[in-house]
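Right, one structure below, let's go through it.
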There are 2 protein chains.
Amino acid sequence: MQLNRREDVPVYRQIALVLQQRIDAGEWGASGQLPTEPLLTAEFGVNRLTVRQAIAELERAGSVVVRHGKGVFVAPPFTRAEIVVDAASQQVDMGSVHLTVVEAADQLYERVVGSADEGDPEASSHLGLPVAHLQRVDTILGLHDATAAVLTSYWLDRHRFGDLVSRWAGDVTLPAILRAAYGIELGYDWRGFSAVAAGLADSEHLGVAVGHPLLVRDGVSVDESGAPVYYLRRRYPGERVKFILRFRDSGI
Amino acid sequence: MQLNRREDVPVYRQIALVLQQRIDAGEWGASGQLPTEPLLTAEFGVNRLTVRQAIAELERAGSVVVRHGKGVFVAPPFTRAEIVVDAASQQVDMGSVHLTVVEAADQLYERVVGSADEGDPEASSHLGLPVAHLQRVDTILGLHDATAAVLTSYWLDRHRFGDLVSRWAGDVTLPAILRAAYGIELGYDWRGFSAVAAGLADSEHLGVAVGHPLLVRDGVSVDESGAPVYYLRRRYPGERVKFILRFRDSGI
DNA sequence: CACGATTTGTTCGTATGTATT
DNA sequence: AAATACATACGAACAAATCGT
C-alpha cells in the first residue's frame with residue numbers, strides 16, 4: 001500500500017481510509033480482527049503512534065472496537081431499542097423507556113446519582129421560573145440485568161419539590177414518585193430530539209468514551225391542569241435507541 | 001496542581017478534568033482562551049503530547065474548540081435550529097428543513113453528491129423490496145449562504161426511478177423532482193430519531209471531525225395511495241438542529 | 001509584502017505499564 | 001510464567017496556520 005507523504009492529507013488519515021475500505025470490503029469478515037499494531041506498523045512503514053492515530057479515528061467513527069490485550073475488531077452492527085410514538089393519538093406510555101421494556105417493566109429502576117440547587121437557563125425559560133428557584137436532580141435509569149443505562153437531569157421548582165430527593169425511595173421512576181407523594185398525574189407538553197457529544201461526566205455515568213454520540217431527548221412535562229412540573233434532559237447512548245414517530249395508522 | 005502518577009486514572013484524563021473544572025468556573029471567561037500547550041506542559045510538569053491528549057479529550061467532549069495557529073478556546077454555547085412537528089395535526093411541511101428556513105425557502109438547495117446501485121438491509125426491509133432492486137442517492141442539503149449542510153441518503157426502487165439522477169437538475173429538493181417528473185405527491189409514513197458518530201465520509205461532506213455526533217432522522221415517505229416511495233437517512237451535525245414534537249395545542 | 005515569532009499539527013523514536021491468553 | 005497486544009508517557013523535530021512588525 002502506497003502513502004503520499006507530501007499529500008496535504010495526513011498519513012494517519014490515509015491509513016484510516018485504507019483500513020475503512022478493507023472493512024467495507026469485508027476483508028476480516030470471519031473473526032473480524034484487524035492486524036495488530038506492529039503488523040500494521042510494518043506494512044505501512046510508519047511509526048506505531050501513527051497507526052494508533054488511524055485506529056483511534058476508526059474507533060471514534062464507530063467502525064472498530066479496540067479491546068485492551070486482545071486486539072482491534074470490526075464493530076458489530078448495533079441493534080437499537082425502538083420506542084414508538086403515535087402522532088395521531090398522542091398516546092405515549094409515561095416515561096417512554098417503559099416502552100422498550102414493556103415486557104419487563106418491573107426490572108426497570110431509576111436511581112438518583114446527584115442533586116443540586118442549580119438552575120439552567122434553558123430549564124428556566126421553559127418552566128417560566130427564575131434560575132435561582134430551580135433544583136436539579138440527576139438519575140440513572142436502566143435495567144437491573146443490563147449494563148445499559150440512561151442519564152437524566154430533571155429541573156424542578158425547589159420551593160414546591162424541595163423534599164423530592166428525600167422522598168425518593170430507590171428503584172422507582174419519577175412519575176411514580178410524583179403520583180404517590182404529590183398526587184400529580186403527568187402528561188407530555190413537548191419533547192425535543194437532538195444529539196451531543198458525551199462530556200466527561202456523561203462518560204463516567206454511561207460507560208462510554210468521551211465524545212461518544214448521545215441522543216438527547218428533552219422536554220417539559222405538565223400536570224392535568226397543563227401547568228409545567230419539570231423540564232428534563234435525557235441522554236441515551238446513540239447506538240442503543242431509536243425514537244419512531246408514526247404518522248399513518250398502524251393498521252390495527 | 002497535583003497529579004497522582006500512581007492513580008489508576010491516566011494523567012491526561014486528570015488534566016482534562018482539571019481544565020474542565022476551570023472552564024466550568026469561568027476562569028478564562030473574557031477571551032475564552034486557554035493557556036498555550038507549552039504553558040500547560042510547564043504547569044503540570046508533563047510531556048506536550050500528554051497535554052495534547054487532555055485537550056483532544058475536551059475537544060471531543062465539545063468543551064473547547066482548537067484553532068490551528070491561534071490557540072484553544074472555550075466552546076461557545078450552540079444555537080440550534082428548531083424544527084417543530086405538531087403531533088395532533090400530523091401536518092408537517094414537506095422536507096422539514098424548510099421549516100428552519102421558512103423565510104428563505106428559495107435559498108435552499110439539494111445537490112446530488114453520489115449515487116450507486118447499492119442496497120441496504122434496513123432500506124430493503126422498510127420498502128419491502130430486495131436489496132438488489134434498490135439504488136442509493138446521496139445529497140447535500142443546505143443554504144447557499146451558510147456553510148451549514150445536511151447529508152441525506154435516499155434508497156429507491158431502481159426499476160421505477162432509474163433515471164432519477166439524470167432528471168435531477170440541480171438545486172431542487174427531491175420532493176419537488178418527484179412531483180414534477182413523476183407526478184408523485186409525498187407524505188410521511190414514519191420518521192425515526194437516533195444518533196451516530198460521523199464516519200470518514202460523513203466527516204468530509206459535513207465538515208465536522210470524525211466521530212462528531214450526528215442526529216439521524218430516517219424514515220419512509222409514501223405516495224397518496226400509501227405505497228412507499230423511498231427510505232431516507234438524513235444526518236445533521238448534532239449541535240445545529242433540534243426536532244420538537246409538540247403534544248399539546250400550541251394555543252393558537 | 002516579507003519575515004519572524006507564536007501556536008497548534010504531524011511524525012518519529014523509545015520506554016514502560018496493563019490486560020489477555 | 002511467558003508471550004502477545006493495546007495503553008500511557010516522555011523527548012525531539014519539523015510542518016502549517018496565524019499574527020504583528
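Counting to the nearest Å, the P atom of D/dT18 and the CZ atom of B/Phe73 are 11 Å from each other. Rounded to whole Å, atom P of D/dG11 lies 16 Å from atom CD of B/Glu37. Rounded to whole Å, atom C1' of D/dC6 lies 13 Å from atom NZ of A/Lys70. Regarding B/Arg67, its CZ atom lies at a distance of 10 Å from the P atom of D/dC19, rounded to whole Å. Rounded to an integer number of Å, the gap from B/Leu3 CG to D/dA9 C1' is 13 Å. The distance between atom CG of B/Asn47 and atom P of D/dA13, rounded to the nearest whole Å, is 13 Å.
Checking B/Gln20, B/Gln21, B/Arg22 one by one against B/Asp24, the side chain to side chain donor-acceptor pair (under 3.5 Å) holds for a single residue, B/Gln20.
Residue A/Gln53 is in base contact, counting any heavy-atom pair closer than 4.0 Å across all strands shown.
For A/Arg52, a side-chain nitrogen or oxygen approaches OP1 or OP2 of D/dA7 to under 4.0 Å. Of the side-chain N and O atoms in B/Thr50, none sit less than 4.0 angstrom from OP1 or OP2 of D/dT8. Considering only side-chain N and O atoms, B/Tyr12 lies under 4.0 angstrom from the phosphate OP1 or OP2 of D/dT8.
Counting only heavy atoms from C-beta on, B/Val11 has its side chain closest to D/dA9 among D/dA7, D/dA9, D/dA17. Residue B/Pro10 has its side chain nearest to D/dT8 when only D/dT8, D/dC6, D/dA17 are considered.
No side-chain donor-acceptor contact under 3.5 Å links A/Arg234 and A/Ser153.
A salt bridge does not link A/Arg80 to A/Glu239: none of the charged side-chain nitrogens sits closer than 4.0 Å to a carboxylate oxygen. By the 4.0 Å N-to-carboxylate-O rule, A/Asp138 lies close enough to A/Arg136 to be salt-bridged with it.
Under the Watson-Crick or G-U wobble criterion, with both distances below 3.5 Å, D/dA1 is left unpaired in every strand shown.
Both cation-pi conditions hold for B/Arg67 and B/Phe73: the charged atom is under 6.0 angstrom from the six-membered ring centre and inside a 45 degree cone around its axis.
For a distance-only test at 3.5 Å, the side chain of A/His68 fails to qualify as a donor-acceptor partner of the base of D/dA7.
Note: A/Tyr231 and A/Trp155 have tilted aromatic rings, judged against thresholds of 30 and 60 degrees for the angle between ring planes.
Nucleotides of DNA chain C lying under 4.0 Å from heavy atoms of chain B occupy a range whose first and last members, 5' to 3', are C/dT7 to C/dT10.
Between B/Leu206 and B/Leu214, some side-chain heavy-atom pair lies under the 4.5 Å cut-off.
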